[in-house]
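A quick write-up on the structure given underneath.
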Amino acid sequence: MTDLPVARVLVDSPLPQLDQLFDYRIPERLAHAALRGVRVRVPLRSGGRIAQGWIVELAERSEYRGELSEVDDVVSEVPALMPEVWRLARAAADRAAGNASDILRIAIPPRYVRAEKAWRSAESDPGPLPETPAPIDGYAPGRVQQGIAAGERMSLAADARPVRLDSGAWVGGWARTVAQAAAHALAHDRSTVVAVPDYRDQEQLESALAESVDPRRVVRTDARQTGPARYRAFLDATADAARVVIGNRSTVYAPAARLGLIVVVDDGDGLHSEPLAPGVHSRDAALIRQEQSEAALLFVAHSRSVEVQRLVELGWVHDVPLRRGGRPRVVLTEQQAAPESGGARIPSAAWREAQAAVAEGPVLVQVARPGHTPMLVCDRCREPARCSTCSGALVVPRAGGAAACVLCGTAATAWRCGVCDGTKLRAAVVGATRTAEELGRAFPRSRVVVSDGDRPLLRVRAEPQLVVATRGAEPIADGGYRAVLLLDGERMLLRESLRVAEDCLRWWSNAAALAAPGSPVFLVGVGGALGTALATWRQAAWAAEELETRRTLRFPPAVRMASVVSAHDRLAAALERTGAIDGVDVLGPTPIEEGLERAIVRFGYGAGAEVAQRLKGEAIRAATERRRPVAGRRPGRPPVVRVRMDDPDLP
DNA sequence: AGCACGCCGACT
DNA sequence: GTCGGCGTGCTC
């Protein structure tokens with residue numbers, strides 16, 4: 001029951017000009033239900049249509065100079081929007097020049113009436129809290145515990161060994177660490193939210209949590225659940241018992257009572273990047289949420305993302321090294337293939353050891369993922385070709401078209417290779433599938449199983465077998481693999497992306513961490529700093545060097561970037577106003593499709609808030625200003641400015 | 001997005 | 001005179 005007569009409502013709309021709070025009068029008949037955080041129906045535009053929205057706050061009176069409309073109805077009496085989640089959504093949207101309602105759509109699952117009724121009538125027994133917090137082992141004694149208690153931001157090097165749980169199940173060492181950290185927070189009656197890349201990580205984490213946490217205290221929210229199950233899990237998280245909420249990238253927005261810990265597992269994984277507008281990365285959302293709350297923040301990964309490395313160098317995130325635990329035995333080998341390995345082209349040393357290992361237990365073979373990326377390399381030295389103006393990757397935008405830079409659009413007419421000074425470009429077709437059959441011929445007596453993006457396996461048993469997996473789809477093996485072959489390193493590096501090297505180091509590290517302690521990990525055909533980083537297991541040092549390179553190039557995450565898409569004139573006007581901000585420069589614009597151009601706005605972190613605000617203003621201006629300045633209508637394309645900030649696929 | 005308001009051409 | 005055309009602007 002509220003005696004405050006005014007509801008301030010965020011309307012559910014993707015329109016930038018509606019991304020503000022609207023005041024409505026609460027009629028007497030709804031006073032009992034119109035609470036903060038509930039979903040409501042409200043009229044938008046006098047007597048016109050009805051929109052849905054959220055009551056974000058209640059007020060005694062309105063500042064609005066005009067007659068208020070009435071809240072039409074309360075959709076659900078459950079306050080699904082918690083105040084902290086609203087603050088987070090607002091801040092995340094502001095940072096990304098987007099709409100808060102778009103964030104809320106990601107944060108709050110669709111409502112199911114039956115699931116809600118069942119939840120409301122259910123006895124809510126959340127089960128006991130863990131009594132004695134399990135020690136978080138592998139790190140300096142008490143280090144992580146203290147960090148959690150102090151609300152610290154930490155980057156943990158994950159234990160690179162598979163570990164056996166009490167239940168007999170095998171999980172990656174990271175899963176046990178995260179479970180221990182969550183149990184620790186829970187023992188102090190604080191909630192934890194954990195965002196993992198995919199459901200396979202989630203399965204491991206869930207088994208690890210079962211060791212120390214009552215299952216009623218664990219809430220899982222994943223894409224594989226049915227709608228009602230997902231909504232039910234969400235409602236459980238809104239209750240005032242402390243819980244461990246685990247799920248994918250959107251879990252960083254989960255409601256949680258007395259949040260004590262936020263965990264992002266393997267933040268470099270592309271699955272942490274939200275494809276839906278406004279495209280806020282879970283790492284960024286986690287950082288905002290940590291700042292707004294008293295919770296600690298934990299990044300856990302085998303390799304360090306360049307983004308986290310930047311935060312570590314700033315002193316904002318603290319590096320927590322692994323004191324005790326696995327470091328895979330990595331062997332760098334030449335591409336020189338053993339003739340016996342046939343079409344699989346495996347170097348002889350690796351082939352011999354793999355032959356021996358597969359007699360004992362499972363052997364993992366990591367291959368590239370099929371795909372076709374038309375990119376250009378230097379004809380002489382095969383290095384990926386980079387733009388001589390801004391170092392963006394060179395591509396052929398259309399078949400038969402001329403080579404140009406993906407970033408600034410400069411045509412590569414007088415191109416010169418930065419590595420060998422060659423002048424000829426060559427198209428490289430990447431990603432022919434290396435088949436399991438080739439390996440079957442190379443290992444004639446072994447069972448071969450395949451795990452790929454379409455049919456990924458979660459785990460394999462400790463039996464002799466050859467496990468062929470595309471990068472990112474490697475199953476965990478009971479007891480660990482007896483050998484790991486990273487076969488397509490060279491091919492993986494041939495991708496048109498600023499982040500190839502970083503991604504490769506992460507894929508290799510994650511696969512290497514599946515090896516049994518002491519078992520060999522062969523990285524084939526890759527040497528240099530990247531190979532050394534894997535072999536010495538010094539991913540953070542590599543990230544530091546990579547960050548230094550990005551600084552000299554003025555590439556993310558040394559700076560931030562936003563892509564802005566609009567029609568020629570409008571884009572030019574928007575860029576003129578945005579480019580005038582201090583520390584902002586503009587790359588492009590380049591034509592992308594008929595009538596549209598794209599420009600990249602590059603800016604320092606200090607200018608981020610102002611750039612976002614300005615670009616949001618341009619989006620509103622485009623959506624509300626007179627639609628067509630000149631006579632003569634042009635049907636179709638609405639006059640919009642599309643903004644995406646920090647798009648990881650940008651360069 | 002939708003929908004109302006407003007200022008210029010053919011109409012009972 | 002005025003019905004309604006779509007360009008323009010707003011949404012508590």
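Note on naming: letters A, B, ... go to the chains in the order of the sequence lines (proteins, then strands), and numbering restarts at 1 for each one.
- Contacts of residues 21-36 of chain A with DNA chain B (heavy atom under 4.0 Å): none.
- Rounded to whole Å, the distance from CD1 on A/Ile50 to P on B/dC3 is 12 Å.
- Between the CZ atom of A/Arg598 and the CG atom of A/Leu587 there is a distance of 10.0 Å, given to the nearest 0.5 Å.
- One finds the OH atom of A/Tyr112 at 15.5 Å from the CZ atom of A/Arg232 (value rounded to the nearest 0.5 Å).
- A/Arg41 has its CZ atom 15 Å from the P atom of C/dC12, to the nearest Å.
- Regarding A/Asn99, its CG atom lies at a distance of 13 Å from the C1' atom of B/dA1, rounded to whole Å.
- With values rounded to the nearest 0.5 angstrom, A/Ser293 atom OG is found 8.0 Å from A/Arg87 atom CZ.
- Here the P atom of nucleotide C/dC10 and the CD1 atom of A/Ile620 are 13 Å apart, to the nearest Å.
- Across the protein-nucleic acid pair, A/Leu44 atom CG and B/dG2 atom P stand 11 Å apart, rounded to whole Å.
- Taking atom CG of A/Asp72 as the reference point, atom P of C/dC12 lies 13 Å away to the nearest angstrom.
- If you check residues 8-19 of chain A against DNA chain B, the residues with a heavy atom closer than 4.0 Å are A/Leu15, A/Gln17, listed by number.
- Exactly one residue among A/Leu68, A/Ile55, A/Val9 makes a side-chain contact (heavy atoms from CB on, under 4.5 Å) with A/Tyr24. That residue is A/Val9.
- A/Glu502 is listed as a side-chain neighbour of A/Glu307, based on a closest heavy-atom distance under 4.5 Å.
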